[in-house]
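Read the structure below first, then the notes.
All values below were derived from every heavy atom in this structure, side-chain atoms included, with hydrogens, water molecules and symmetry-related copies excluded.
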Amino acid sequence: MSTQEKLIKRLLGRPKDFTYAELKKLLTYLGYFETQTGKTAGSRIAFINKETKHIIRLHKPHPANELKRYQIDQIIDELKTRGLL
């Protein structure tokens, strides 16, 4: 099983300790790149798919690095809708 497959399996398990770094690695594998949405974006982050231009927006977790449950659910829903999971 590849690292990407392990990350997908881990994400689908909805763990409480899924980190932002893991999400970034997974979305990069799926063809997304990270961008901030402007000068005053603060913790708002967007991941844009290079091919489809699909955008996933979320707040970068802080001070901890773990994503919240609702963020994981949102990401899973978005990726399933796009047929990536």
Side-chain angles (χ1 to χ4, degrees):
M1 186 179 291
S2 72
T3 303
Q4 293 84 6
E5 290 170 332
K6 289 178 184 176
L7 278 175
I8 290 170
K9 185 176 180 178
R10 183 162 151 70
L11 176 70
L12 291 174
R14 293 174 166 83
K16 291 184 179 185
D17 62 346
F18 198 82
T19 65
Y20 181 77
E22 289 174 307
L23 174 67
K24 186 175 177 180
K25 186 183 291 187
L26 175 63
L27 290 178
T28 300
Y29 166 71
L30 295 173
Y32 288 81
F33 66 94
E34 177 185 21
T35 183
Q36 293 213 309
T37 56
K39 274 187 181 180
T40 60
S43 64
R44 291 180 294 169
I45 300 293
F47 288 95
I48 304 171
N49 188 287
K50 295 173 187 173
E51 292 180 21
T52 66
K53 307 299 183 216
H54 175 246
I55 300 172
I56 297 175
R57 287 182 168 69
L58 58 109
H59 279 88
K60 190 173 182 180
H62 59 83
N65 195 27
E66 289 82 24
L67 296 172
K68 304 281 189 215
R69 175 64 184 255
Y70 78 90
Q71 292 174 311
I72 291 174
D73 291 340
Q74 173 192 358
I75 293 162
I76 290 171
D77 288 344
E78 290 278 342
L79 295 176
K80 280 186 176 182
T81 299
R82 295 289 170 177
L84 297 172
L85 292 182

Only pairs under 3.5 Å count here: list side-chain donor-acceptor contacts from residues 61-72, not counting sequence neighbours, and write none if there are none.
residue: Arg69; atom: NE; partner: Asp73; partner atom: OD1; Å: 3.4
residue: Gln71; atom: OE1; partner: Lys68; partner atom: N; Å: 2.8
residue: Gln71; atom: NE2; partner: His59; partner atom: O; Å: 2.8

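- With hydrophobic clusters built from ILVMFWY side chains whose heavy atoms lie under 4.5 angstrom apart, Leu7 does not share a cluster with Phe33.
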Evaluate the side-chain contact (heavy atoms from CB on, under 4.5 Å) criterion for residues Leu58 and Leu23: first the C-alpha distance (whole Å), next the side-chain angles of each, then the deciding distance (0.1 Å), finally the verdict.
CA-CA 11 Å; Leu58 58 109; Leu23 174 67; 4.0 Å; yes
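- With rounding to the nearest 0.5 angstrom, the OG1 atom of Thr52 is 10.5 Å from the CG atom of Leu30.
- Under the side chain to side chain contact (heavy atoms under 4.5 Å, CB included) criterion, Ile55 pairs with Ala46, Ile48, Arg57, sequence neighbours left out.
- Under the side chain to side chain contact (heavy atoms under 4.5 Å, CB included) criterion, Glu51 pairs with Asn49, sequence neighbours left out.
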Just do the side-chain contact (heavy atoms from CB on, under 4.5 Å) check on Ile8 and Leu84 with the steps written out, would you?
CA-CA 10 Å; Ile8 290 170; Leu84 297 172; over 6 Å; no
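- Not counting sequence neighbours, Thr81 has no partner by the side chain to side chain contact (heavy atoms under 4.5 Å, CB included) test.
- Here the closest heavy-atom approach between residue Arg14 and residue Ile76 is recorded as CZ-CD1, 3.7 Å.
- Checked against side chain to side chain contact (heavy atoms under 4.5 Å, CB included), Glu34 has the following partners two or more places apart in sequence or in another chain: Tyr20, Lys24, Ile45, Phe47.
- Identified under the salt bridge (charged side-chain N to carboxylate O under 4.0 Å, His left out) test for residues 75-85, with sequence neighbours left out: none.
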